[in-house]
Amino acid sequence: MAHEIIALLAEYGLVLVFFNVLVEQAGAPVPAVPTLVVAGALAANGQLPLVGVVGLALLACLLSDLAWYWAGRRYGSGVMRTLCRISLSPDSCVKQSELRFQRWRGQVLLVAKFIPGLSTVAPPLVGALGLRPGIFLLMDGLGSLLWLGLAVGLGYVLAPQIDQVLVALGNAGTIALEVVGSLLALYILMKWWQRHRLIATLRMARITVDELKRAIDEGLGPVLLDVRSPASRMVDTRVIPGALLADVAGIDRAVHDVPLDAELVIYCSCPNEASAAVAAKNLMQQGYRRVRPLLGGLDAWEAAGFAILRLPAEGADAEDAHLPTQHAA
């Protein structure tokens, strides 16, 4: 049985490597590293061509990443919102604040595949930021080669040990396949539960765009906070007049001069106002009690026909800066 399974992997290994890497890079929760490690071990034993494994895996990375890159280049922030919406990690749009794309630009592609969640987000984001196709292909190709080379190389070096694991799996027969399938299902279920729990904990009182506009018109306008990441503001330069620019990680710096009894309204452009709700919870832990996310965020504000400003290119990553209100877009 063991020899039959190994022979099956050896015969269809290249196809499995290609499609596993392709769907993982497209965003599906199907890890490709185990497949690459096993493929490396089979290559060390002469059962798979090493050049073929690396070449097809690299092709799969480039095809998937190019599709996301062109989508980001054409549709911009809409693609980023879609990724946040369908991701098993809905706070991925929050984590973007930790990655200074405006400083790294194309170089972020060199490490993107080593950071969970970033592998799918990086190509459309750099595309939306206007990275040239040639630079993208170079950086993404090098980053992909580093990632898959490490996985395949690990399997190549540890081939004797991995071969023993394959023999054990073969002896276990269908039980091993059931265990692997169960572990994959458990992983997906765990990610779904994390998503559900995060959304549940973020439920809090929101303020509607009409309520906010009415308060501003009556001179009772609260302190507005735009908590999108600097990279998000580079892709989408819209901003509500009078807002303070911050991000989730630097929210304390943005409100250091704001009294604890002030009313704060926080907005972003993430599904379920994820970034805004996380920032609101952080502010409440610091002692602010009158904090509410804006229902529907920036999109709802613009859809209602209210004033929108456009950030200048050099100001899109400025934090803690107060925007002038006299130049409406």
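- Nearest heavy-atom pair across Ile216 and Trp301 is CD1-CH2, 4.1 Å.
- Contact between Asp261 and Arg290 at its shortest, heavy atoms only, is O-NH1, 3.0 Å.
- When atom types are taken as modelled, the side chain of Arg289 and the backbone of Met284 share a donor-acceptor pair closer than 3.5 angstrom.
- Side-chain contact check for Asp65 versus Leu109: every heavy-atom pair is 4.5 Å or farther apart.
- In this structure a side-chain-to-backbone donor-acceptor pair under 3.5 Å is missing from Arg238 to Ile308.
- Side-chain contact check for Asp226 versus Tyr267: some heavy-atom pair is nearer than 4.5 Å.
- The environment of Phe306 atom CZ is dense: over 12 non-hydrogen atoms of other residues, nucleotides or ligands sit within 6.0 angstrom.
- Inter-residue side-chain proximity for Val209 and Lys213 is flagged as unmet; no heavy-atom pair is nearer than 4.5 Å.
- Of the possible polar contacts, one joining the Tyr288 side chain to the Val255 backbone as a donor-acceptor pair under 3.5 Å is found.
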Considering only distance and modelled atom types, tabulate donor-acceptor pairs under 3.5 Å from the side chains of residues 20-37, sequence neighbours left out.
from  : atom 1 : to     : atom 2 : distance (Å)
Asn20 : OD1    : Thr35  : OG1    : 2.5
Asn20 : ND2    : Val30  : O      : 3.3
Glu24 : OE2    : Ala32  : N      : 3.3
Gln25 : OE1    : Lys113 : NZ     : 2.8
Gln25 : OE1    : Ser119 : OG     : 2.6

List the atom pairs, with distances to 0.1 Å, where a side-chain N or O of residues 137-147 and a protein N or O form a donor-acceptor pair under 3.5 Å, not counting sequence neighbours.
from   : atom 1 : to     : atom 2 : distance (Å)
Ser144 : OG     : Asp140 : O      : 2.8

Distance-only donor-acceptor pairs under 3.5 Å for side chains of residues 121-131, two or more places apart:
none

